[in-house]
Amino acid sequence: MTRINDSYLKLKAGYLFPEIGRRVKSFTDANPGIQIIRLGIGDVTEPLASEVVDAFHKGIDDLAQAKTFHGYGPEQGYDWLAARINEKSYKPLGVELKTSEIFISDGSKCDSANILDIFDLSNKVAICDPVYPVYNDTNVMVGRTGEADENGYYEGIVYMPCTEENNFSPAFPGEKVDLIYLCYPNNPTGTVASKEQLKGWVDYALKNKAIILFDAAYEAFITEADIPHSIYEIEGAKKCAIEFRSFSKTAGFTGVRCGLTVIPDELTATTNQGEEVALNSLWNRRQSTKFNGVSYPVQRAAAAVYSDKGWAQVQETIAYYMENARLIREGLGQAGITCFGGVNAPYIWLKTPDNIGSWDFFDRLLSECHVVGTPGSGFGPSGEGYFRLSAFGSRENVQEAIKRITEKWGS
Ligand code: MLT
């Protein structure tokens, strides 16, 4: 009899966002005609920048002519896209990368999951709590954990609580770990790490011979000066960190799919015999075998983000979402709801009014205000009693949602 991967059965519930979708569908099926405002999953709502659309069209036109046709591209992505990313996103930060250290992919969700392929199961993993569920669930899927306890903590994972008491900045793990997931600006809390804080993590990783998996998917939403956009702004990070970035939120590519992973040449880990191996070449081997690259028109579209006009258009859309974030944060804050984040990230992390449980608040917000958000406990046990609202939405919807929430829950 064929055996399944039993680890999948250890997963507690369905993946968070489909579960939210299921509850919303059952509400809308039972209440047709009710106008739901969706500020749950962080999915963009504004159209692609016109420069990006033009480049996308042009990419397809290239495929229509024998002379400009492109078949398989490099599995690592086209060098011209990596070069533009380098010029526009890393050089201005003072970060020097080779294009061969930048791997273009179909998104940072996939990369942050697939990266586990190149690490031994014996590695101890540390993740924040609350956290983007992909880091936790993929470690369960590959078999790195035991069962979950009654709180939802999996045996074998080291959880780093991020709470109001520690300003949502986790303490260093209390035991030796090998892989540390960090996400800044943070999903779900919307908080950021200062240079000093990131330096602390880099120093910790170097000292403890650990590797940081740094998810910078929301770096484009940083509005305050001095907040690092890349872990490589910190000295020594190239020796201990992999960075993931995404075009999804930055340039509205959630449905287009494009992201990137940076693995510096000097980053190594050891074999069972203690021999050092470069992770760049391992990931290159993994991608060449399991991935055929991002489609040519998508990479053309992504490259257009870095043209002067494309960049300005993308920044304008980001500013639009960040104005939504400000309105939510201030609107709810003025009504007496405690809010975090939303200054350097498109997420507002709020304390549920009257200490209502996260899922109860979700259900009440849906049924009484017809607004969808994401229950904090869906991101981990320390998210209980919190709730995440996304700033991705039309201004009109965001203002209407604030009105509905504050009328119902404001003090
Ligand atoms: C979120 O809402 O946390 C994100 O949209 C999920 C994702 O990017 O995969």
Side-chain angles (χ1 to χ4, degrees), residues 11 13-24 36-46 105-116 127-141 162 168 181-192 213-221 243-261 294 302 317-318 321-322 324-325 328 340-342 344-350 358-359 362 365-366 371-380 382-383 386-393 397-398 401:
L11 294 165
Y15 186 61
L16 176 60
F17 295 107
E19 170 59 19
I20 289 174
R22 195 191 59 71
R23 290 192 191 210
V24 174
I36 300 285
I37 299 176
R38 295 166 197 267
L39 303 177
I41 187 166
D43 195 4
V44 291
T45 51
E46 291 299 294
S105 72
D106 56 349
S108 60
K109 176 182 184 177
C110 320
D111 283 359
S112 65
N114 293 334
I115 199 74
L116 295 179
I127 63 175
C128 294
D129 165 33
V131 76
Y132 179 43
V134 171
Y135 316 150
N136 186 75
D137 289 6
T138 54
N139 275 286
V140 177
M141 287 171 170
C162 301
F168 305 100
Y181 288 84
L182 294 178
C183 172
Y184 287 113
N186 188 255
N187 179 13
T189 64
T191 53
V192 282
L213 301 174
F214 190 75
D215 187 347
Y218 298 93
E219 61 78 28
F221 294 83
E243 179 163 294
F244 306 101
R245 284 194 177 198
S246 170
F247 288 83
S248 287
K249 320 295 158 90
T250 307
F253 274 47
T254 52
V256 177
R257 308 309 308 150
C258 197
L260 61 114
T261 288
V294 178
T317 305
I318 291 172
Y321 291 133
M322 289 312 288
N324 284 349
I328 298 173
F340 305 91
N344 296 297
Y347 295 126
I348 291 87
W349 186 243
L350 57 98
S358 295
W359 275 109
F362 172 89
L365 205 60
L366 176 59
V371 173
V372 180
T374 309
S377 58
F379 297 102
S382 296
Y386 290 85
F387 199 78
R388 193 192 77 176
L389 287 175
S390 144
F392 297 115
N397 274 353
V398 162

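Please read all numbers here as calculations on a predicted model, not as lab measurements. Counting begins at 1 with the first residue of the sequence. Whatever order the structure lists ligands and atoms in, that order sets their numbers, starting from 1.
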Novice: Who are the side-chain contact (heavy atoms from CB on, under 4.5 Å) partners of Ala302, not counting sequence neighbours?
Specialist: Leu81, Phe247, Phe253, Cys258
Novice: Has Arg388 got a side-chain atom pairing as donor or acceptor with Pro375's backbone, closer than 3.5 angstrom?
Specialist: no
Novice: What is the nearest protein non-hydrogen atom to atom 4 (C) of ligand 1, stated with its residue, atom name and distance?
Specialist: Lys249 NZ, 3.3 Å
Novice: Determine, step by step, whether Tyr218 and Phe392 satisfy the ring-ring contact (aromatic ring centres under 6.0 Å, His included) criterion, reporting the C-alpha distance in whole Å, the side-chain angles of both residues, the deciding distance to 0.1 Å, and the verdict.
Specialist: CA-CA 12 Å; Tyr218 298 93; Phe392 297 115; 7.2 Å; no
Novice: Any donor-acceptor pair under 3.5 Å linking the side chain of Asn136 with the backbone of Pro133?
Specialist: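 No, the answer is negative, given that no donor and acceptor are paired below the 3.5 Å cut-off.
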Novice: Going by the atom numbers of ligand 1, which of them fall below 4.0 Å from some non-hydrogen atom of Arg388?
Specialist: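 The list of qualifying atoms is 1 (C), 2 (O), 3 (O).
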Novice: Taking the side chain from Asp129 and the backbone from Ser382, do they hold a donor-acceptor pair closer than 3.5 Å?
Specialist: yes
Novice: Which atoms of ligand 1 have any heavy atom of Phe17 under 4.0 Å away?
Specialist: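 Within the 4.0 Å cut-off of Phe17, ligand 1 contributes 1 (C), 2 (O), 3 (O), 6 (C).
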Novice: Check the angle between the aromatic planes of Phe362 and Trp359 and answer parallel, tilted or perpendicular using the 30° and 60° thresholds.
Specialist: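 Aromatic pair Phe362/Trp359 classed perpendicular.
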Novice: Considering the heavy atoms of Ile41, write down every atom of ligand 1 situated less than 4.0 Å from one of them.
Specialist: 2 (O), 5 (O)
Novice: Please indicate whether any nitrogen or oxygen in Gly42 is less than 3.5 Å from any nitrogen or oxygen in ligand 1.
Specialist: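 Between Gly42 and ligand 1 (N or O atoms, distance only) the closest approach is under 3.5 Å.
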Novice: Between Phe168 and Tyr386, how do the two ring planes meet: parallel, tilted or perpendicular, split at 30° and 60°?
Specialist: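 Phe168 and Tyr386: perpendicular rings.
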Novice: Heavy-atom distances under 4.0 Å are what count here, so tell me which part of Thr254 touches ligand 1: side chain, backbone, both or neither.
Specialist: neither
Novice: Examine ligand 1 and decide if any of its atoms is less than 4.0 Å from a heavy atom belonging to Asn187.
Specialist: yes
Novice: Once you restrict to heavy atoms under 4.0 Å, what part of Tyr347 touches ligand 1? Side chain, backbone, both or neither.
Specialist: side chain
Novice: My understanding is that we take every heavy atom of each candidate and find the minimum distance to atom 7 (C) of ligand 1. Doing that for Tyr132, Phe379, Tyr218, which one comes out nearest?
Specialist: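 Checking each option, the heavy atom nearest atom 7 (C) of ligand 1 is found in Tyr132.
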